[in-house]
Amino acid sequence: LWETKVNGPITDSALVTDQMVIFGDQAGFIYGLKRNKGKLVWSNQPNSDASSAIFSSPILANGQVIVGISSFETPSKLSTFRGSVVSLDPNTGRKNWQTYLIEGSGSGAGVWSTPTYDATSDTVYVTTANNHSPPATDTSDAFVALRGKDGKIVWKNQRVPNDIGDIKADIGDSPQVYTIFSGGETRRVIGAGEKQTGEYWVLDAATGDLVGSIQAVPSCEGS
């Protein structure tokens, strides 16, 4: 029906609204196309770092498009990329907010996986990858909860500390939000698995406190 060229390869899934088709590419751009004819309405490169890339699929959260930003950067002392989560207007591409997951010095902590939105609490949950250079930050290899309306970090829980690229314990799994029943009460939780250790963690959705974990698969060192 139509075909539209963009700046780089596309590996994420497109978000389709009533009017738009929204997706990102490996050149770090996010696009909004007219659904009926594929006409480019807007494009936005939230992170101007030359290594930035979009592997995270966009999601719709209370009328906003939420996307995680990662990169092709190789960990080194010269690394500069900082992972982030961005909120855009689906019809114009205008940036509502962008939250960088590293403040000050350091690099990495990209968001490879697709964010998850819980409308009951207006919370966006993401998982992050390793740091690319010292100092190691507490937002790498972590679960992070952000307030949907403005991107403010509500809590963070690092599962593998001090990973500046030698462990590569990226959490590439999207957070799953669900409810468990324990001790006569229900509890809202999130869970995700990590590629290197094969461990699956469950955290309290409101506080980020660890509820429990299992060794879902054997350790996958070198992956």
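Note that the structure is predicted; figures quoted are calculated from it, not measured.
For the atom pair Q45 CD and F29 CZ, the distance stands at 4.0 Å (nearest 0.5 Å). A distance of 9.0 Å separates OG1 in T127 from CG in D170, rounded to the nearest 0.5 Å. Note: S51 OG to Q26 CD = 12.5 Å, rounded to the nearest 0.5 Å.
In this structure F55 satisfies the ring pair (Phe, Tyr, Trp, His ring centres under 6.0 Å) test together with F72, W112, sequence neighbours excluded.
Through chains of ILVMFWY side-chain contacts below 4.5 Å, V189 is grouped with Y178, I180, Y200, V202, V211, I214. Hydrophobic clustering, defined by side-chain heavy atoms of Ile, Leu, Val, Met, Phe, Trp and Tyr closer than 4.5 Å, groups I171 together with Y125, F143, V154, W155, V160, I167, V177, I190, W201, L203, L210.
A donor-acceptor pair is defined here as one N or O able to donate and one able to accept, closer than 3.5 Å; no such pair exists between the side chain of D141 and the backbone of R159. Between the E73 side chain and the F81 main chain, a donor and an acceptor come within less than 3.5 Å of each other. With hydrogens and angles ignored, the 3.5 Å screen pairs a side-chain donor or acceptor of Q215 with a backbone N or O of V217. When atom types are taken as modelled, the side chain of T128 and the backbone of A109 share no donor-acceptor pair closer than 3.5 angstrom. At distances below 3.5 Å, not a single donor-acceptor pair connects side-chain atoms of D89 with backbone N or O atoms of R94. Side-chain atoms of D25 come within 3.5 Å of backbone N or O of G8 as a donor-acceptor pair. One N or O on the side chain of T99 and one on the backbone of G151 form a donor-acceptor pair closer than 3.5 Å.
Nearest heavy-atom pair, N162 versus Q158, reported as atom, atom and distance to 0.1 Å: N-NE2, 4.5 Å. Heavy atoms only, all atoms of each residue included: I164 and P134 are closest at CD1-CG, 4.0 Å.
For the residue pair T139 and T137, a side-chain donor N or O sits within less than 3.5 Å of a side-chain acceptor on the partner. A side-chain N or O of S87 and one of N96 form a donor-acceptor pair less than 3.5 Å apart. With 3.5 Å as the limit, one finds no donor-acceptor pair spanning the side chains of Y117 and N62. The closest side-chain donor-acceptor pair between N47 and S52, if any, does not fall under 3.5 angstrom. Neither side chain, S71 nor D49, offers a donor N or O lying under 3.5 Å from an acceptor on the other. A donor-acceptor contact closer than 3.5 angstrom links the side chains of S133 and S107.
Taking a 6.0 Å sphere around CG of D173, one finds it holds more than 12 heavy atoms contributed by other residues, nucleotides or ligands. Dense packing is recorded around CD of Q176, with more than 12 heavy atoms of other residues, nucleotides or ligands lying under 6.0 Å away. For NZ of K149, the number of neighbouring non-hydrogen atoms (other residues, nucleotides, ligands) closer than 6.0 Å is 12 at most.
A salt bridge is defined here as a Lys NZ or Arg NE, NH1 or NH2 lying under 4.0 Å from an Asp or Glu carboxylate O, and D163 with K168 fails to meet this definition. Taking a cutoff of 4.0 Å between a charged side-chain nitrogen and a carboxylate oxygen, R147 and D122 do not qualify as a salt bridge. Note on E3 versus K5: salt bridge recorded, some NZ/NE/NH1/NH2 to OD/OE distance being below 4.0 Å.
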